[in-house]
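Notes follow the structure.
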Amino acid sequence: MTAIRPLVAGNWKMHGLAANLAELKSLQDLLAMEPQPAADVMICPPATLLAQARYFLSKSDILLGAQDCHPDSQGPHTGDISAEMLADAGAKAVIVGHSERRTDYGETDAVVSQKAGAAHRAGLAAIICIGERGRERQDGATLDIVKRQLDGSLPPAATAANTIIAYEPVWAIGTGWTPTPEDVAAVHAFIRGRLGDELGGEGSAMRILYGGSVKPSNARELLTVPNVNGALVGGASLKATDFYAILSAYSGTGGRGR
Ligand code: PGA
């Protein structure tokens, strides 16, 4: 089987003003030292910075992503942004169903599936986030939650090219805590199995990212776990040097993760 090319995506969340785009320039300079990076690299800045970031990255392989989209392409939805608008501003992908949105806005799996479908409609890849809360892990319900969210959030016609799954245990996001590599391996193997059952070969080739307190000191142990095909990085993506250090977990591994 061909190895899956990893993706390391940075989610800036609600951080970043125009001045912070200098970090993109620094990241680009750091990446320029590697002629053949072993992973795809993406930054998802706030929507306000997408168009400027596209200008900054015009000569770079760094991909641009967005953090959320509305299911509709346009309409009377004050404050919302459609997937078409994000594509127009330069995004190639959009995160949907992040636990912060599920919590802050009560987004259900059905809504997340609609948003992922909207991304596909606009030609964007959907990065679909799933993951259990701390209490659910303590109760031994991790795989039940992951199964329910995965089944409910995957839109029809999901393919390995247009969909990426991000497993993010909610209790690990922004806390400094992480699951053990064995725990990550168990959940990712489960997700891989489900994707294969649902989508056949497309599911076997789909990228499954790990997210939750990934930092330079733990990146290698987490990102070389079987079936981990990259990372979704929050806090540590805000500084180019930290994000680059995470990416170097793939240097010399030839894109492992299968
Ligand atoms: P974190 O966030 O790396 O700051 O834990 C990850 C995420 O929410 O995507």
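Here the structure is a predicted model, which is why all the values come from computation and not from measurement. When reading the values below, keep in mind they use all heavy atoms of this one structure, side chains included, and skip hydrogens, waters and symmetry mates. Atoms within a ligand are numbered from 1 in the order they appear, just like the ligands themselves.
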Strictly below 4.0 Å, N to O, side chains only: are [X] and [Y] in salt-bridge contact?
| X | Y | answer |
| --- | --- | --- |
| R101 | E107 | yes |
| D40 | R5 | yes |
| D29 | K25 | yes |

Which residue holds the protein heavy atom closest to atom 2 (O) of ligand 1, what is that atom called, and what is the gap in Å?
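Looking only at protein heavy atoms, the one closest to atom 2 (O) of ligand 1 is K13 NZ, 3.3 Å.
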Starting from atom 3 (O) of ligand 1, find the nearest protein heavy-atom neighbour and note its residue, name and distance.
G234 N, 2.8 Å
Any nitrogen or oxygen of I173 lying under 3.5 Å from a nitrogen or oxygen in ligand 1? Just yes or no.
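No.
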With only distance considered, is E100 within less than 3.5 Å of ligand 1 through an N or O on each side?
no
For H77 and D72, test the side chains for any donor-to-acceptor distance below 3.5 angstrom and give the result as yes or no.
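Side-chain D/A pair, H77 to D72: present.
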Distance-only side-chain donor-acceptor flag, W171 / E132, under 3.5 Å
yes
Quick check: does any side chain N or O of S153 sit under 3.5 Å from a backbone N or O of Q149, one acting as donor and the other as acceptor?
yes
At less than 4.0 angstrom from any non-hydrogen atom of [X], what atoms of ligand 1 do you find?
| X | value |
| --- | --- |
| G235 | 1 (P), 3 (O), 4 (O) |
| G212 | 5 (O) |
| N11 | 9 (O) |
| H98 | 7 (C), 8 (O), 9 (O) |
| E168 | 6 (C), 7 (C), 8 (O), 9 (O) |

H188 vs Y167 aromatic rings, parallel, tilted or perpendicular, using cut-offs 30° and 60°?
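Answer is perpendicular, since the angle exceeds 60°.
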Measuring from non-hydrogen atoms of A236 to any atom of ligand 1, is the shortest distance under 4.0 Å?
no
